[in-house]
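Numbering starts at 1 and runs along the sequence shown. Computation of the quantities below employed the complete heavy-atom set of this structure, encompassing side-chain atoms and omitting hydrogens, waters and symmetry-equivalent molecules.
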Amino acid sequence: MPTHDTDTRAAVCAGFWQAVSDRLESLCTLPARELMEGLNALLEPFFPRLSVEVAGEPPAFKLVLTAHGSVDDFEDLMALVQSSPRLPQVEVEAFRQRSSDGFGMRMNDFELASSEVLVKHEPYRGRVALEIGFAKPIPMDMQDHARHMSLIMLDHILGEYDFAVKVGAVDHVEVDAQADFDGVPLDDFVPLFDACWRDELGHTGVFPPGEHAWSGVSATREAEDGREVEVIVMRNDAATALVGRADLCHRLSVATPVESGEELEEARTYEDRLTARLQTHEAGCCTHVVLEEGVRTVHFQVADPETAISHAQSLQDDMDLPSTLDLAFDPTWKSYRIWVG
């Protein structure tokens, strides 16, 4: 569902929650598994790519909404949870959370425990890259099964949101290199993962105070007609602290043509005023500015898209230059991270 289609999404969310409210009393008389099936039957017509999982025993239970790790569906999931009404004895939760205990899986007569999955990691382009191996020999005809099972285990151990948003490339060790692979058991990996995210990558989640430090980056790209186009980027280095925050998932971009020094100064004044408004109460952060072919585009990661757009539009009334607003759902901060070495 497109980001801008908020009215439609709100109506669909309301439809699902009304259906749940209407049937909740009868659903709560069912065992947990049948309750989950009933809730998924209600959800499917509204959000066919999402699912419900149930934790606890009815009538008091936790209704967990999952997108099965698909970032493309996270926006729908988060909107659905945010719009949930108060339901008697029911707690609504977004995403599968981290499993605190190790566990095992069985697939086609093949068994694998999370303690037998080995992990190595390194920071890469603002996220955590992983290399996966195994602590026991894996038969050749079970290699694909084992790799698939290891990804499911990663999702459960790290949590659905963190695995989808914070993890970058995931590679599996070649069969002939398994014996020498010295990874950490998955059961012991979470503290190392969190330390890499926080300490090595600098994603503390704490809004940076005071003046922010900026860096300049230049690059070239090939235009459709074969021309070489120069791209100049100013990157807010302090913004890296906020990468991955679940409350700053939307990117607001404002593109303004600038052809003179006076127009550049007016665009900068607009950017400063909008930045000041969005940073109030930590509602947003200016992440980077891109100058390309006479167009200056300033990018923000924002908490409340509608409020951010309202601020941007109100400030445009005081500016003579034409500008274009664009809103995108970008929980991984891809637009910012591509300029991070």
K.L.:
Any donor-acceptor pair under 3.5 Å linking the side-chain atoms of Gln316 with those of Ser323?
P.N.:
yes
K.L.:
For the residue pair Thr287 / His299, report whether a side-chain donor-acceptor contact shorter than 3.5 Å exists.
P.N.:
no
K.L.:
Do Arg296 and Glu271 come close enough that some side-chain heavy atom pair is under 4.5 Å?
P.N.:
yes
K.L.:
For residues Trp17 and Ser83, is any side-chain donor paired with an opposing acceptor at under 3.5 Å?
P.N.:
yes
K.L.:
Please tell me whether Ser335 and His288 have a donor and an acceptor in their side chains that are separated by less than 3.5 angstrom.
P.N.:
yes
K.L.:
How about Val64 and Phe95: do any of their side-chain heavy atoms sit closer than 4.5 Å?
P.N.:
no
K.L.:
Go through the side-chain N and O atoms of Asp317 and Gln313 and say whether any donor and acceptor fall under 3.5 Å apart.
P.N.:
no
K.L.:
Flag the pair Thr269 / Arg273 as yes when at least one side-chain heavy-atom distance between them is below 4.5 Å, and no otherwise.
P.N.:
yes
K.L.:
Side chains of Ser114 and Asp187: any donor to acceptor distance under 3.5 Å?
P.N.:
yes
K.L.:
Distance alone, cut at 3.5 Å: any donor-acceptor contact between the side chains of Ser314 and Arg277?
P.N.:
yes
K.L.:
Taking atom types as modelled and ignoring hydrogens, do the side chains of Thr66 and Arg96 form a donor-acceptor contact shorter than 3.5 angstrom?
P.N.:
yes
K.L.:
Indicate yes or no: does Arg227 engage Glu293 in a salt bridge with an N to O separation below 4.0 Å.
P.N.:
yes
K.L.:
Assess whether a salt bridge exists between Asp194 and Arg98, defined as any Lys/Arg side-chain N lying under 4.0 Å from an Asp/Glu carboxylate O.
P.N.:
yes
K.L.:
Under the ring pair (Phe, Tyr, Trp, His ring centres under 6.0 Å) definition, can you give me all pairs with a residue in residues 252-272, not counting sequence neighbours?
P.N.:
none
K.L.:
When the aromatic ring centroids of Phe189 and His121 are compared, is their separation below 6.0 Å?
P.N.:
yes
K.L.:
Is the shortest side-chain heavy-atom distance between Arg9 and Asp76 below 4.5 Å?
P.N.:
yes
K.L.:
Say whether Thr297 and Glu292, considering side chains only, have a donor N or O and an acceptor N or O under 3.5 Å apart.
P.N.:
no
K.L.:
Does either side chain, that of His250 or that of Glu75, offer a donor lying less than 3.5 Å from an acceptor on the other one?
P.N.:
yes
